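These notes are about the structure you will find just below.
Remember, it's a predicted structure, so these values are computed and weren't measured experimentally. Note that these values count all heavy atoms, side chains included, but never hydrogens, waters or copies made by symmetry.
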Amino acid sequence: MKIRRGMPPDLPRALEIWRSAVDATHGFLAPGDRADIDVMVAEQFLPNAELWLAIDDHDRQVGFLVMDGKTIDALFVDPAYHGQGYGCLLLDHALSLEPDATVEASEQATNAVPFYLSRGFKIVGRSETDGQGRPYPLIHLSRG
(Lines give C-alpha, C1' and ligand atoms only; values in the text may rest on other atoms or scores of the structure.)
Protein backbone atom coordinates (compact mmCIF):
# COMPACT_ATOMS: atom_id res chain seq x y z
CA MET A 1 0.00 0.00 0.00
CA LYS A 2 1.59 3.26 -1.14
CA ILE A 3 0.93 6.68 -2.65
CA ARG A 4 2.33 7.88 -5.96
CA ARG A 5 1.73 10.84 -8.22
CA GLY A 6 -0.69 10.17 -11.04
CA MET A 7 0.26 10.42 -14.71
CA PRO A 8 -1.88 10.84 -17.85
CA PRO A 9 -2.11 7.05 -18.44
CA ASP A 10 -3.75 6.78 -14.98
CA LEU A 11 -6.76 8.91 -15.96
CA PRO A 12 -9.00 6.09 -17.27
CA ARG A 13 -8.55 4.12 -14.04
CA ALA A 14 -9.14 7.25 -11.92
CA LEU A 15 -12.39 7.80 -13.80
CA GLU A 16 -13.37 4.16 -13.17
CA ILE A 17 -12.68 4.66 -9.46
CA TRP A 18 -14.72 7.87 -9.40
CA ARG A 19 -17.66 6.27 -11.20
CA SER A 20 -17.76 3.16 -9.02
CA ALA A 21 -17.36 5.15 -5.80
CA VAL A 22 -20.08 7.63 -6.77
CA ASP A 23 -22.40 4.81 -7.84
CA ALA A 24 -21.84 3.13 -4.44
CA THR A 25 -22.21 6.23 -2.25
CA HIS A 26 -24.18 8.88 -4.16
CA GLY A 27 -27.44 7.10 -5.00
CA PHE A 28 -29.25 10.33 -4.16
CA LEU A 29 -28.06 12.03 -7.37
CA ALA A 30 -30.75 12.54 -10.00
CA PRO A 31 -29.82 10.60 -13.16
CA GLY A 32 -29.45 13.77 -15.25
CA ASP A 33 -27.21 15.38 -12.63
CA ARG A 34 -25.14 12.21 -12.37
CA ALA A 35 -24.65 12.22 -16.15
CA ASP A 36 -23.74 15.93 -16.23
CA ILE A 37 -21.25 15.54 -13.38
CA ASP A 38 -19.72 12.51 -15.11
CA VAL A 39 -19.02 14.56 -18.26
CA MET A 40 -17.48 17.38 -16.20
CA VAL A 41 -15.26 14.97 -14.23
CA ALA A 42 -14.16 13.05 -17.35
CA GLU A 43 -13.55 16.02 -19.65
CA GLN A 44 -12.58 18.90 -17.37
CA PHE A 45 -11.76 17.91 -13.80
CA LEU A 46 -9.57 14.81 -13.96
CA PRO A 47 -7.54 15.79 -17.06
CA ASN A 48 -6.55 19.03 -15.31
CA ALA A 49 -6.06 17.69 -11.79
CA GLU A 50 -2.87 16.80 -10.01
CA LEU A 51 -3.65 13.25 -8.97
CA TRP A 52 -2.21 11.32 -6.07
CA LEU A 53 -2.97 7.61 -6.32
CA ALA A 54 -3.29 4.92 -3.69
CA ILE A 55 -1.67 1.76 -5.03
CA ASP A 56 -2.21 -1.76 -3.72
CA ASP A 57 0.46 -4.44 -3.36
CA HIS A 58 -0.12 -5.51 -6.99
CA ASP A 59 0.51 -1.97 -8.31
CA ARG A 60 -3.20 -1.43 -9.02
CA GLN A 61 -4.67 2.04 -8.53
CA VAL A 62 -7.42 1.73 -5.91
CA GLY A 63 -8.09 5.34 -4.93
CA PHE A 64 -7.13 8.91 -5.66
CA LEU A 65 -6.73 12.31 -4.08
CA VAL A 66 -6.82 15.78 -5.63
CA MET A 67 -5.71 18.84 -3.68
CA ASP A 68 -6.46 22.46 -4.59
CA GLY A 69 -4.29 24.54 -2.29
CA LYS A 70 -5.33 23.61 1.21
CA THR A 71 -8.60 22.05 0.02
CA ILE A 72 -9.12 18.35 -0.52
CA ASP A 73 -10.93 18.64 -3.83
CA ALA A 74 -11.51 14.91 -4.30
CA LEU A 75 -10.83 11.73 -2.35
CA PHE A 76 -12.32 8.56 -3.78
CA VAL A 77 -11.61 4.86 -3.21
CA ASP A 78 -12.83 1.97 -5.32
CA PRO A 79 -15.71 0.43 -3.30
CA ALA A 80 -14.06 -3.01 -3.60
CA TYR A 81 -11.33 -1.57 -1.35
CA HIS A 82 -13.47 0.36 1.15
CA GLY A 83 -12.54 -0.32 4.75
CA GLN A 84 -8.99 -1.45 3.94
CA GLY A 85 -7.17 1.76 4.91
CA TYR A 86 -6.74 3.37 1.49
CA GLY A 87 -8.94 6.35 2.33
CA CYS A 88 -6.92 6.95 5.49
CA LEU A 89 -3.69 6.59 3.52
CA LEU A 90 -4.87 9.21 1.01
CA LEU A 91 -6.08 11.51 3.77
CA ASP A 92 -2.78 11.19 5.62
CA HIS A 93 -1.02 12.17 2.40
CA ALA A 94 -3.31 15.20 2.03
CA LEU A 95 -2.49 16.24 5.59
CA SER A 96 1.23 15.81 4.92
CA LEU A 97 0.82 18.30 2.08
CA GLU A 98 -1.50 20.63 4.02
CA PRO A 99 -1.88 20.01 7.78
CA ASP A 100 -4.77 22.52 8.03
CA ALA A 101 -6.71 21.03 5.13
CA THR A 102 -10.35 21.76 4.43
CA VAL A 103 -12.91 19.66 2.59
CA GLU A 104 -16.53 19.79 1.48
CA ALA A 105 -18.42 16.53 1.85
CA SER A 106 -21.86 15.70 0.56
CA GLU A 107 -24.33 15.65 3.42
CA GLN A 108 -26.25 12.87 1.67
CA ALA A 109 -23.23 10.58 1.21
CA THR A 110 -23.51 8.95 4.62
CA ASN A 111 -19.92 7.66 4.65
CA ALA A 112 -18.12 10.97 3.98
CA VAL A 113 -18.79 13.22 6.98
CA PRO A 114 -18.23 10.45 9.58
CA PHE A 115 -14.94 9.56 7.87
CA TYR A 116 -13.60 13.10 8.13
CA LEU A 117 -14.92 13.62 11.67
CA SER A 118 -13.20 10.39 12.79
CA ARG A 119 -9.92 11.77 11.42
CA GLY A 120 -9.98 15.02 13.41
CA PHE A 121 -11.91 17.35 11.11
CA LYS A 122 -14.53 19.70 12.55
CA ILE A 123 -17.71 20.93 10.89
CA VAL A 124 -17.36 24.64 10.14
CA GLY A 125 -20.36 25.25 7.90
CA ARG A 126 -23.00 23.99 5.52
CA SER A 127 -24.23 24.94 2.05
CA GLU A 128 -27.71 24.14 0.75
CA THR A 129 -26.33 23.37 -2.72
CA ASP A 130 -23.25 21.85 -4.32
CA GLY A 131 -20.65 23.94 -6.14
CA GLN A 132 -22.77 24.04 -9.30
CA GLY A 133 -25.93 25.13 -7.48
CA ARG A 134 -27.59 21.71 -7.51
CA PRO A 135 -29.80 20.79 -4.52
CA TYR A 136 -27.18 18.58 -2.82
CA PRO A 137 -26.14 20.08 0.54
CA LEU A 138 -22.45 20.18 1.42
CA ILE A 139 -20.88 20.03 4.86
CA HIS A 140 -17.75 22.17 5.19
CA LEU A 141 -15.02 20.65 7.36
CA SER A 142 -11.64 21.89 8.49
CA ARG A 143 -8.63 20.42 10.21
CA GLY A 144 -7.28 23.85 11.19
Side-chain angles (χ1 to χ4, degrees), residues 1-30 33-34 36-42 44-144:
M1 185 182 306
K2 65 182 178 180
I3 298 286
R4 74 164 169 81
R5 191 177 295 266
M7 298 171 287
D10 296 314
L11 291 177
R13 176 63 182 141
L15 185 59
E16 280 180 17
I17 292 167
W18 181 85
R19 286 175 173 155
S20 63
V22 167
D23 289 346
T25 62
H26 290 61
F28 55 86
L29 292 174
D33 290 340
R34 169 64 174 78
D36 290 345
I37 295 166
D38 190 274
V39 169
M40 187 272 303
V41 168
Q44 299 168 4
F45 180 71
L46 285 176
N48 296 300
E50 183 176 312
L51 288 176
W52 292 98
L53 299 170
I55 308 298
D56 72 7
D57 294 336
H58 304 287
D59 205 35
R60 179 162 171 81
Q61 304 96 324
V62 300
F64 71 88
L65 164 74
V66 175
M67 296 291 294
D68 181 9
K70 70 182 270 180
T71 300
I72 298 169
D73 210 13
L75 193 161
F76 289 93
V77 174
D78 183 325
Y81 294 85
H82 281 184
Q84 296 181 30
Y86 291 101
C88 291
L89 180 70
L90 288 163
L91 185 56
D92 288 345
H93 185 73
L95 295 173
S96 76
L97 298 171
E98 181 53 61
D100 294 329
T102 62
V103 67
E104 293 179 341
S106 175
E107 183 177 78
Q108 295 164 287
T110 57
N111 63 328
V113 173
F115 171 74
Y116 289 110
L117 291 175
S118 74
R119 304 286 295 157
F121 282 75
K122 305 286 186 238
I123 295 174
V124 295
R126 181 180 184 274
S127 301
E128 285 293 322
T129 60
D130 69 9
Q132 289 74 42
R134 295 182 190 98
Y136 305 113
L138 296 175
I139 302 298
H140 307 273
L141 301 112
S142 178
R143 201 41 206 263

CA sep, side-chain torsions, deciding dist, call: Y81, R60, side chain to side chain contact (heavy atoms under 4.5 Å, CB included):
CA-CA 11 Å; Y81 294 85; R60 179 162 171 81; 4.0 Å; yes

Working note: L97 + W52, criterion side chain to side chain contact (heavy atoms under 4.5 Å, CB included); need CA distance, chi angles, decisive distance, verdict.
CA-CA 11 Å; L97 298 171; W52 292 98; 3.7 Å; yes

Given the rule in the side chain to side chain contact (heavy atoms under 4.5 Å, CB included) test, do F45 and I37 qualify, once you have shown the distances and angles that lead to the verdict?
CA-CA 10 Å; F45 180 71; I37 295 166; over 6 Å; no

T102 vs T71, side-chain hydrogen bond (donor to acceptor under 3.5 Å, both in side chains): CA-CA, chis, key distance, verdict
CA-CA 5 Å; T102 62; T71 300; 3.1 Å; yes

Residues F28, T110; criterion side chain to side chain contact (heavy atoms under 4.5 Å, CB included); working and verdict
CA-CA 11 Å; F28 55 86; T110 57; over 6 Å; no

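Looking only at side-chain heavy atoms (C-beta outward), L90 and I3 come within less than 4.5 Å of each other. Between E128 and P135, the closest side-chain pair of non-hydrogen atoms is not below 4.5 Å. Here the side chains of R143 and I72 are not in contact, with every heavy-atom distance at 4.5 Å or above. Between K2 and D59, some side-chain heavy-atom pair lies under the 4.5 Å cut-off. Annotation: side chain of R126 is in contact with side chain of I139 (closest heavy-atom distance under 4.5 Å). For the pair R134/D36, a side-chain contact is recorded, criterion being any heavy-atom separation below 4.5 Å from C-beta on. H82 has its side chain within reach of T25: a pair of non-hydrogen atoms, C-beta onward, lies under 4.5 Å apart. Side-chain atoms of F115 and V103, non-hydrogen and from C-beta on, never get closer than 4.5 Å to each other.
The distance from the CG atom of D57 to the CE atom of M1 is 7.0 Å, given to the nearest 0.5 Å. Here NZ of K70 is found 5.5 Å from OG of S142. Values are rounded to the nearest 0.5 Å. Considering CG of L53 and CG of L51, their distance stands at 5.5 Å, rounded to 0.5 Å. Atoms CD and NE2, on E98 and H93 in that order, are 12.0 Å from each other to the nearest 0.5 Å. The structure places CZ of R4 at 5.0 Å from CD of Q61, a figure rounded to the nearest 0.5 Å. Summarising the geometry, atom CG belonging to D130 is positioned 9.5 Å from atom CD belonging to Q108; distances are rounded to the nearest 0.5 Å.
Classified by interplanar angle (parallel below 30°, tilted 30° to 60°, perpendicular above 60°), the ring pair Y116/F121 is perpendicular.
For the pair H26 (side chain) and A109 (backbone), a donor-acceptor distance under 3.5 Å is absent. Checked by atom type and distance alone, the side chain of D33 never pairs as donor or acceptor with a backbone atom of L29 at under 3.5 Å. Between the side chain of D78 and the backbone N or O of A21, no donor-acceptor pair lies under 3.5 Å.
Pairing each heavy atom of A24 with each of P79, the nearest pair is CB-CG, 3.6 Å. Shown here for V77 and I17, the closest heavy-atom pair between the two residues is C-CG2, 3.9 Å. The minimum heavy-atom distance linking V113 with A105 is given by the pair CG2-CB, 4.0 Å.
Between R19 and D38 a salt bridge is recorded (basic side-chain N to carboxylate O distance below 4.0 Å).
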